[in-house]
Amino acid sequence: MEVVDLLDIRLIRDEPNKFKELLGRRNVSADKIDKILEFDEKAREIKTKLNSMRAERNSISKEVAKYKAAKNEGGVAKILKRGKELANEIKIEETKLSEIQKDIKDMLLDIPNLPYEKVPIGKDETENVEIRKWGEPRKFDFEPKAHWDLGPQRGLLDFEKASKLSGSRFTILYKDAAQMERALVSFMLDLHTSKHGYTEVMPPHLVTRQTMINTGKLPKFEEESYSTTIDDLFLIPTAEVPLSVMHTGEILKEKDLPFKYVAYTPCYRREAGSYGKDVRGMIRQHQFDKVELVMYTTPEKSYDALESLTNEAEEVLQYLELPYRVIELCTGDLGFVASRTYDIEVWLPSYNGYKEISSCSNVTDYQARRANIRYRKSDNTLDFVHTLNGSGLAVGRTLVAIFENYQKKNGKIEVPKVLRPYMGGKEEI
RNA sequence: GGAGAGAUGGCCGAGUGGUCGAAGGCGCUUGCCUGCUAAGCAAGUGUAGGAUUUUCCUACCGUGGGUUCAAAUCCCACUCUCUCCGCCA
């Protein structure tokens, strides 16, 4: 991977203030940019020097060939001496250059994506902006139960047995709950493939370190990831990882874009940074099911695509008749690779509020640069594609939302109408 | 796990130390021609960096090292793909 591909260092060079300004909005210090520029200048200096040294070496090589052809041994010996000197000098400079380039690469890997200009500026999640609301939270004529009470009481969820097997933050689903989880996966996949035109994919759940780097999950989030002690493979934290770099190193045709992929996979996360958060129930798990949407588009169309992708994810909740709202993340709350993000939050009685159930982001060319995914434009030139991803939806949280919003006084849970065909016609569980 | 073969430009494929950044073909672009389409003819056609920027220089032939004045080509390690054998859901 070339250094320039990461986060085009030429762009930083040309408009350093733009980078400092935009990255400053997401709490990246300007010093980091200055340091990169400083190293970049050093690297270019060495490169220029190397360039002329190599040019000389190449001309020497040609002369050697010429002398040898002319059987001029004296000439050969003389020029070989200079050649050897030069070879040593070149090696020294090359070592210097590769050290600096490695430093630059490490620094660039640590720089997040630029936020879109229109993203609201803010420090953290308290400054996110509500965009729209759909549906009304239900008024209960009894005290609704939280899923962590309701589930075990009904014998549908078991947290204690799960912890015997795997420790904290795991859940076992039984009977109708297990079937509903499966029904939700099928319903979501069917909706996105048949109505929204996505191509269904079943990707690997274990990926290489390089794949994690290409998607921007590493080196930043190593401690958030599960990996295998042998073979250095990583359990995917989301299907975004395999899907958004499936086309690594490829040159796509403009007329084939956009690519729309949907995949159901379990997701594996250590949740290292969230001690004490959402400890009850199955809101925050080390393993959870998710149906993920990923798009590849041209740069011109990516922000429109983000709108449609978000709408497509929202539709799942509309069909399930679950109240939700859409918020836009402010600059301080944006994920590492995202340039703009909408979160969809579903109403949960146990929280007496809205809880994230989907996160839809335009990643622009950030992953495409790392994974070198380009497309050939109509004028025959090459450019990086833009990638987008969004949950469509987090399945476990959707199940929780149904349990809590559809519960009856007697503890039974009504099955949303669209799910009934997937559950043998059951109306309640 | 064992044995063998291989990895070259958008694709196929030649190339075993010195005009090889790489033959040839396909594809693509442009022009000509054919009153459409196809075919035919001609030219062009990798990516990136740098400079004194209508030109010149440099790097890149799976990845990383090494040998050499000089590496796609020789040596070492690794990764991946294919074939056969073994094992296995």
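Quick note: numbers below take in every heavy atom, side chains included, and nothing from hydrogens, waters or symmetry partners. Numbers restart at 1 for each chain; the letters A, B, ... are given by sequence-line order, proteins then strands.
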Answer for the Watson-Crick or wobble partner of rU54(B), both distances under 3.5 Å, is none

To the nearest angstrom, the NZ-C1' distance between K255(A) and rG27(B) comes to 12 Å

* Check ion pair R270(A)-E224(A) (N to O, under 4.0 angstrom) -> no

* Which part of the nucleic acid does R82(A) contact within heavy-atom distance under 4.0 Å: base, sugar-phosphate only, or nothing? -> nothing

Atom CD1 of I90(A) and atom P of rA71(B) are separated, to the nearest Å, by 10 Å

Re rA89(B): Watson-Crick or G-U wobble partner, both distances kept under 3.5 Å, found to be none

Margin query: Strictly below 4.0 Å, N to O, side chains only: are E315(A) and K195(A) in salt-bridge contact?
Written below: yes

Report yes if at least one side-chain N or O of N58(A) is closer than 4.0 Å to OP1 or OP2 of rA59(B); otherwise report no. yes

Query - Atom C1', compared across rA22(B) and rC33(B): separation rounded to whole Å - result: 34 Å

- How far does the P atom of rA14(B) sit from the matching atom of rG66(B), given to the nearest Å? 31 Å

Across every strand shown, the nucleotide meeting Watson-Crick or G-U wobble geometry with rG9(B) (both distances under 3.5 Å) is none

*For rA42(B) versus rG46(B), give the span between their C1' atoms, rounded off to a whole number of Å.*
22 Å

Margin query: Base, sugar-phosphate or nothing for I251(A)? Non-hydrogen atoms, less than 4.0 Å.
Written below: sugar-phosphate

### Task
For nucleotides rG13(B) and rG6(B), find the distance between their P atoms and express it as a whole number of Å.
13 Å

For the P atoms, the ones on rG62(B) and on rU8(B), what distance do you get once it is rounded to whole angstrom? 7 Å

Backbone N/O of D190(A) and side chain of T193(A): donor-acceptor pair under 3.5 Å: yes

Which of rG18(B), rC57(B), rG50(B) is nearest the side chain of S61(A)? It is rG18(B)

Under 4.0 Å between a side-chain N or O of R57(A) and OP1 or OP2 of rA59(B)? yes

Of the listed rA70(B), rU58(B), rG18(B), the closest approach to the A55(A) side chain comes from rU58(B)

When rounded to whole Å, the CG to P distance for the pair L382(A) and rU29(B) reads 15 Å

Closest of rG18(B), rU47(B), rA59(B) to the A65(A) side chain is rG18(B)

rC69(B) -> Watson-Crick or G-U wobble partner, both distances under 3.5 Å, gives rG18(B)

Taken to the nearest whole Å, NZ/K68(A) to P/rG17(B) is 13 Å

Within the structure shown, what part of the strands sits under 4.0 Å from L50(A) by heavy-atom distance: base, sugar-phosphate, or nothing?
nothing

- Message: Determine whether a donor-acceptor pair (N or O, by modelled atom type, separation under 3.5 Å) exists between the side chain of S358(A) and the backbone of S391(A).
- Response: yes

**Report entry** Euclidean distance for C1', rU83(B) against rG21(B) (whole angstrom)
**Finding:** 33 Å

Across every strand shown, the nucleotide meeting Watson-Crick or G-U wobble geometry with rA23(B) (both distances under 3.5 Å) is none

Got a salt bridge between E312(A) and K260(A), using NZ or NE/NH1/NH2 to carboxylate O under 4.0 Å? yes

Gap in Å between the two P atoms, one belonging to rC57(B) and one to rC32(B), rounded:
34 Å

Pairing partner of rU47(B), by Watson-Crick or G-U wobble and under 3.5 Å for both distances, is rA59(B)

The residue, S98(A) or S52(A), whose nearest nucleotide of RNA chain B is more 5′ is S52(A)

Quiz item: Taking OP1 and OP2 of rC69(B), is either one under 4.0 Å from a side-chain nitrogen or oxygen of K84(A)?
Solution: yes

When rounded to whole Å, the CZ to C1' distance for the pair R376(A) and rG9(B) reads 11 Å

Separation of rA70(B) atom P from R54(A) atom CZ, nearest Å, is 12 Å

Give one of base, sugar-phosphate or nothing for K62(A), where a contact means two heavy atoms less than 4.0 Å apart. nothing

Using Watson-Crick geometry (N1-N3 plus N6-O4 or O6-N4) or G-U wobble (N1-O2, O6-N3), each under 3.5 Å, rG4(B) is paired with rC82(B)

Separation of rA59(B) atom P from K91(A) atom NZ, nearest Å, is 15 Å

Using a 4.0 Å heavy-atom cut-off, does K78(A) contact any base of the nucleic acid, only the sugar-phosphate backbone, or nothing at all?
nothing

Under a 3.5 Å limit on both distances, the Watson-Crick or wobble mate of rU37(B) is none

Discussion item. Using OP1 and OP2 only, check whether a side-chain N or O of R13(A) sits under 4.0 Å from rG50(B).
Written reply: yes

Span that lies between the C1' atom of rA51(B) and that of rU63(B), in whole angstrom: 31 Å

Only residue of F384(A), Y375(A), Y261(A) satisfying ring-ring contact (aromatic ring centres under 6.0 Å, His included) with H247(A) is Y261(A)

When rounded to whole Å, the CD to P distance for the pair E89(A) and rA70(B) reads 13 Å

Within 45° of the ring axis of F39(A) and under 6.0 Å from its six-membered ring centre, is that where the NZ or CZ of K42(A) lies? yes

>> Please verify the inter-ring angle class for Y226(A) with H286(A); under 30° counts as parallel, over 60° as perpendicular, anything in between as tilted.
In response: perpendicular

